[in-house]
Amino acid sequence: VTLSGFKTSCGCFTATVVDNKKTLKTHETATFVVDMNTFKFKGQRDARLDVTVTFDGSTYKTVSIPLHGFIRTDVEIDPG
């Protein structure tokens, strides 16, 4: 299978594939890293990660993975 596309439904989350591995053989896995934009957004954030998988070059399916997070504004880290 090929990971032919992936995107988040909100700009508050971004996703990348570890090692840029987009073609998978039987029993192989891929890992996504999802980051939250804590500079631009605050509070409860609910979105989804849509992953499109292509089989045999023409058949595809899209899987939606729910994403939930809460960005706190009362915590500071020094140095940033």
Side-chain angles (χ1 to χ4, degrees):
V1 299
T2 302
L3 301 174
S4 54
F6 58 94
K7 64 180 179 173
T8 58
S9 63
C10 172
C12 53
F13 291 99
T14 56
T16 55
V17 179
V18 175
D19 297 330
N20 204 26
K21 187 172 188 174
K22 294 185 180 179
T23 301
L24 305 174
K25 297 178 183 175
T26 303
H27 303 293
E28 286 187 328
T29 62
T31 302
F32 288 89
V33 174
V34 178
D35 294 310
M36 293 182 74
N37 184 341
T38 59
F39 293 105
K40 190 174 179 182
F41 298 93
K42 296 178 173 109
Q44 182 67 38
R45 293 288 153 195
D46 298 306
R48 70 181 183 279
L49 171 61
D50 294 326
V51 180
T52 302
V53 180
T54 305
F55 306 92
D56 67 36
S58 61
T59 307
Y60 68 92
K61 296 287 182 186
T62 300
V63 178
S64 293
I65 302 167
L67 304 173
H68 306 285
F70 188 86
I71 301 169
R72 295 179 58 149
T73 58
D74 61 338
V75 177
E76 288 188 26
I77 298 173
D78 187 26

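Looking at heavy atoms from C-beta onward, Thr31 lies out of side-chain contact with Val17 at the 4.5 angstrom threshold. Proximity of Phe32 to Val51: side-chain heavy atoms (C-beta onward) are separated by under 4.5 Å at one or more points.
With rounding to the nearest 0.5 Å, the separation of OG in Ser9 from CG in Leu49 is 9.0 Å. To the nearest 0.5 Å, the span separating CG on Leu67 from SG on Cys12 amounts to 8.0 Å. Here CZ of Phe41 is found 15.0 Å from OG1 of Thr73. Values are rounded to the nearest 0.5 Å.
Asp35 meets the salt bridge (charged side-chain N to carboxylate O under 4.0 Å, His left out) test with no other residue; sequence neighbours excluded.
Remark: side-chain polar atoms of Thr8 are paired, donor with acceptor, to backbone N or O of Phe13 under 3.5 angstrom.
The side chain to side chain donor-acceptor pair (under 3.5 Å) analysis of residues 37-54, with sequence neighbours excluded, yields the pairs Ser4-Thr54, Gln44-Asp46, Asp46-His68, Arg48-Asp50, Asp50-Ser64, Thr52-Thr62.
Counting heavy atoms of neighbouring residues, nucleotides and ligands inside a 6.0 Å radius, atom CZ of Phe39 does not exceed 12 of them.
Between Tyr60 and Phe55, the ring center distance fails the sub-6.0 Å criterion.
With salt bridges taken as basic N to acidic carboxylate O contacts below 4.0 Å, none links Lys21 and Asp19.
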